[in-house]
Protein chains: 2
Amino acid sequence: MITKANTLERIESLSMTDRVENTLREYLTENGFKPGDSLPNETEIAQQLNVSRNVVREALSRLRMLGMVETKTRRGMVMSQPDLLAGIEKVMNPSIMSQGNMKDIFELRLILEMGIAEFLFARKTDKDLKELEAIVLKQKGLKSLTKEDEIEFHGKLYEMTGNDTFKRFQTLLLPVFDHVFLNYFEKGIHTEFQNTSSHYDLFAILKEGTADEFRKAMHSHLTPYYSTSFQK
Amino acid sequence: MITKANTLERIESLSMTDRVENTLREYLTENGFKPGDSLPNETEIAQQLNVSRNVVREALSRLRMLGMVETKTRRGMVMSQPDLLAGIEKVMNPSIMSQGNMKDIFELRLILEMGIAEFLFARKTDKDLKELEAIVLKQKGLKSLTKEDEIEFHGKLYEMTGNDTFKRFQTLLLPVFDHVFLNYFEKGIHTEFQNTSSHYDLFAILKEGTADEFRKAMHSHLTPYYSTSFQK
DNA sequence: GATGTTTATTTGTAGGATAAATGTACTAAT
DNA sequence: ATTAGTACATTTATCCTACAAATAAACATC
């Protein structure tokens, strides 16, 4: 289909550093570099790519940040296992996030905690349940829950999935929830849904109920925070 | 409790670049920089931090990669909206991922697609359903589904959540699934669960059923790929 | 008023110099 | 022969200077 107004294509004007970064990542993956394998030294890379060592170092600096390479003086650089969440960790900051991203993150939590029900039931152990019980019993005696209490309970759930990336992901998302949580406190909204027995109920279901029940309970436990979440 | 073997505390030996990077990120967030605000120029930063301009540039290079700052010649640098997924995008490469990370990612997909049921039912529109119907009807006539077909169907679901970060996340995860999907094909395992009507069933439920039904159907649609997922 | 031209400023790139770290080879002592 | 000590070579880390490229802003020109 021919449109009347042809849009001009953006001209890619990547900096040298960008190009070297891409080249290096391709080079590493396409040549089957594995963690532990050592890379050519900086001057050699610079010469082969016909750029200054500065440019190479700026690109390498990025790869270091992502955990793709590690450098030791004299030993040179070695490939290493990239850290999946290192990059996202640095920008997961509510004070500079857009409203849109914030909303996306909130929805993500809702989706995740709804989605882990099956995992929890498939993987729960007596030890896990005991530890979780200790948490909810302690909280049952309290008048109201702090955000630390929330973190302790939900954190334990993430932990019980046995998925480390998951567990870490939660700690990344926390600052975002704190940020909004504080708003709720300021507005006094929390009082209407702060329910100290809610965590206990979730625990009880996890111990003797079904995944479906758990999901339902989790849904009503979380949705007050996200009252507008389901609207588009 | 005193342990017999005292562990030595890690000594922080961050490079100058690491420290400048952290300092800059703190500076930007704590001083309430918002997208569009302009930063001091490189030489000024270097002078104030008492480091060379090279170090500052290596740190800035990282922030540029994350989308936190943009630079224009002569105009200097301006804060910009960080890209949440830019960092993860570069390391989401199955050929250099650890088995553990791979497993985590697989489980993540399962959790996500189980968790989006509520969103889909809350946000589905007639337009969405029509488009999804076109996809599944097309696929119903096929003998078997390619990975492109899978992507088309599941991608549309992600799209229907109305969560852009989500949708992009899916495109990031795809290479990982491709990687393993190919293994299945090689082993001939796919034949036992390749079901061309499965997508249609999911669509039908989405159109007239309930979120619970949908989740159950999705569960049985996906678990064959992840037969070992629920074991710890 | 729209369009060239100059200028000043800031980033982009290059290249060299020195410091720091450390594996390796060599030497000396026991 | 093993160990301890020393010198050397290599590579990254940092710093410095210089120049190129781009461009916003001011000015000049038509």
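Side chains are part of it too, since the values below use all heavy atoms of this structure and drop only hydrogens, waters and symmetry mates. Per chain, numbering begins at 1; letters A, B, ... match sequence-line order.
Scanning for ring pair (Phe, Tyr, Trp, His ring centres under 6.0 Å) contacts around F33(A) gives Y27(A), with sequence neighbours left out.
Atom-to-atom, CD of E42(A) to P of dT10(D) comes out at 16 Å; the value is rounded to the nearest Å. At whole-Å resolution of the value, CG in L49(A) and C1' in dA14(C) are 15 Å apart. Put simply, CE on M77(B) is 9 Å from C1' on dT11(C), counting in whole angstrom units. Spacing between atom CE of M16(B) and atom P of dT14(D) amounts to 6 Å, rounded to whole angstrom units. Rounding to whole angstrom units, CD of residue E21(B) and P of dT14(D) are separated by 13 Å. Taking atom CG of N41(B) as the reference point, atom P of dT23(D) lies 18 Å away to the nearest angstrom.
Only one option out of L24(A), V69(A), V78(A) pairs with L39(A) in a side-chain contact (heavy atoms from CB on, under 4.5 Å); it is V69(A).
Of the side-chain N and O atoms in T71(B), none sit less than 4.0 angstrom from OP1 or OP2 of dT10(C). Contact annotation: T17(A) does not reach the phosphate of dG12(C) (side-chain N/O to OP1 or OP2, under 4.0 Å).
If you check the side chains of N22(B) and R19(B), you find no donor sitting under 3.5 Å from an acceptor.
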*From CA spacing to verdict: side chain to side chain donor-acceptor pair (under 3.5 Å), N41(B), T43(B)*: CA-CA 6 Å; N41(B) 67 44; T43(B) 50; 2.8 Å; yes
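A salt bridge between K127(B) and E131(B) is present, with a side-chain N of the basic residue lying under 4.0 Å from a carboxylate O of the acidic one. A salt bridge is defined here as a Lys NZ or Arg NE, NH1 or NH2 lying under 4.0 Å from an Asp or Glu carboxylate O, and D104(A) with R168(B) fails to meet this definition.
Against DNA chain D, the stretch residues 50-70 of chain B makes heavy-atom approaches under 4.0 Å through V51(B), S52(B), R53(B), N54(B), V55(B).
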